[in-house]
Amino acid sequence: MNQMNPEGYTTADGRKIGGVLMEMKNITLRFGGVAAITDISFDIREGEIRAIIGPNGAGKSSMLNVISGFYVPQEGEVWFKGYKRGPMKPYQVARLGIARTFQNIALFDGMSVLDNIMTGRLTMMKSGLLSQAIWWGKAQREETEHREKVEKIIDFLEIQDIRKTPVGRLPYGLKKRVELARALAAEPRLLLLDEPMAGMNVEEKEDMSRFILDVNDEFGTTIALIEHDMGVVMDLSDRVVVMDYGKKIGDGTPDEVRSNQAVIDAYLGVSHD
Ligand SMILES: Nc1ncnc2c1ncn2[C@@H]1O[C@H](COP(=O)(O)OP(=O)(O)O)[C@@H](O)[C@H]1O
Ligand SMILES: [Mg+2]
C-alpha cells in the first residue's frame with residue numbers, strides 16, 4: 001500500500017481510497033494547564049474508514065471535537081477539502097459536510113425516531129420559519145423532499161418498524177442506530193463516530209459494524225471513528241491512529257499498528273478498563 005500517494009490507494013479488499021479530505025497539522029489542545037492533545041498530525045482520505053484508538057483519557061474524543069470544529073486547538077492547523085479552517089459555528093460545520101454522533105447518546109427522548117432523524121436535516125432546510133409561513137407551498141415541497149430522504153435512511157438502517165416510537169423507549173443499541181441515522185440525514189461527506197459500539201452486546205456490535213461498512217460502501221461517506229474494541233477496529237478500518245496520553249504513538253494499517261512495539265506496550269498488552 002502506498003499511503004503517501006497523493007492520488008490515494010487501493011485497499012486490500014479492492015476499495016478505492018482518494019486524496020486527502022482532512023488534514024490535521026501539529027495539533028495541540030490544552031484545557032487550562034492540561035494538554036489533552038500534544039502535537040498530533042495525521043490525514044483522513046476520501047472514502048476511508050479511519051479509526052482513532054487509545055486508552056481512556058488518551059485524547060480521542062478531544063481529537064474528534066477538533067475535527068468537528070467544536071474545539072479550536074491552541075496550536076496547529078486543520079485543513080478540510082484543501083482549505084485551512086478557521087473557528088466555525090456548528091451550522092457552518094454541518095454545511096461543510098461534517099456530521100457526528102456522540103459518545104453519550106444525544107437524542108430527544110420524547111420525540112419519535114422519525115422526528116429525531118428529521119432534526120439531522122435542519123441545517124439543510126432553506127426555508128426559515130418566517131418564509132415557511134409565507135411560502136407555505138414551497139416549504140411543503142421542501143418538507144416532502146426531506147421526508148423522502150429520511151425514509152430512505154430509515155429503510156437503509158432497517159428501523160422502519162420503530163419510526164413512530166419515542167426514542168426514550170428504545171433499547172440502547174437501537175438508540176445508537178437512530179443517532180447514526182440522524183447524522184446520515186445531513187448527507188455528510190465526513191461522518192464522525194465517537195465509540196459507536198460502546199456498551200453494545202456482541203450482536204448489536206456486529207449490526208453496527210455492518211451498517212458502518214454499508215454506509216461507507218453505499219454512499220461513499222468518509223468515516224472517522226473512535227473505538228475501544230480492538231477486534232472491531234481491526235476488522236472495520238483502513239488506517240488507524242493510536243493515541244496515548246495525548247500523543248500519537250502509531251499510525252498505519254491495522255496490521256502495521258498491531259505490530260508496532262510502542263502500541264503493544266502502551267495499549268494492546270495492557271488492560272486499561
Ligand atoms: N472539557 C474538558 N475540560 C477539561 N479537561 C478535559 C475536557 N475534555 C477532556 N479533558 C481531559 O483531556 C484528556 C483527554 O480526554 P478525552 O479526549 O475525553 O479522552 P478519550 O476520549 O480518549 O477518553 C483527559 O485527561 C480529560 O480529563
Ligand atoms: Mg472519549
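Note that ligands are numbered from 1 as they come in the structure, with each ligand's atoms numbered from 1 the same way.
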**Message:** Using a 6.0 Å distance limit plus a 45 degree cone around the ring axis, check whether R100 lies over the aromatic ring of F102.
**Reply:** yes

**Item:** Side-chain heavy-atom pair S62, F31 within 4.5 angstrom cut-off
**Value:** yes

Is a side-chain donor or acceptor of [X] paired with a backbone partner of [Y] at a separation under 3.5 angstrom?
{"X": "S259", "Y": "E256", "value": "yes"}
{"X": "D244", "Y": "G54", "value": "no"}
{"X": "N116", "Y": "F108", "value": "yes"}

Which pairs of N or O atoms, one from ligand 1 and one from the protein, are separated by less than 3.5 Å, and what is the distance for each pair?
unit_1   : atom_1 : unit_2 : atom_2 : d
ligand 1 : 1 (N)  : Y71    : OH     : 3.4
ligand 1 : 17 (O) : S62    : N      : 2.9
ligand 1 : 17 (O) : S62    : OG     : 2.6
ligand 1 : 19 (O) : G59    : N      : 3.1
ligand 1 : 21 (O) : S61    : N      : 2.8
ligand 1 : 21 (O) : S61    : OG     : 3.0
ligand 1 : 22 (O) : A58    : N      : 3.2
ligand 1 : 22 (O) : G59    : N      : 3.0
ligand 1 : 22 (O) : K60    : N      : 2.8
ligand 1 : 22 (O) : K60    : NZ     : 2.8
ligand 1 : 23 (O) : G57    : N      : 2.8

**Message:** Given a threshold of 2.8 Å, state how many protein N/O/S atoms are nearer than that to the Mg ion (ligand 2).
**Reply:**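 Near the Mg ion (ligand 2), the number of protein N, O or S atoms below 2.8 Å is 2.
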
**Prompt:** What closest approach, in Å, do S61 and I226 show between heavy atoms, and which atom pair accounts for it?
**Reply:** N-CD1, 3.6 Å

**Asked** Is it true that atom CZ of R169 has more than 12 heavy atoms of other residues, nucleotides or ligands lying nearer than 6.0 Å?
**Response**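 Open.
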
**Prompt:** Roughly how far, to the nearest 0.5 Å, is CD1 of I105 from CZ of R182?
**Reply:** 10.0 Å

**Request:** Using distance alone, with no hydrogens and no angle criterion, decide if D13 and T11 have a side-chain donor and acceptor under 3.5 Å apart.
**Result:**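 Side-chain D/A pair, D13 to T11: present.
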
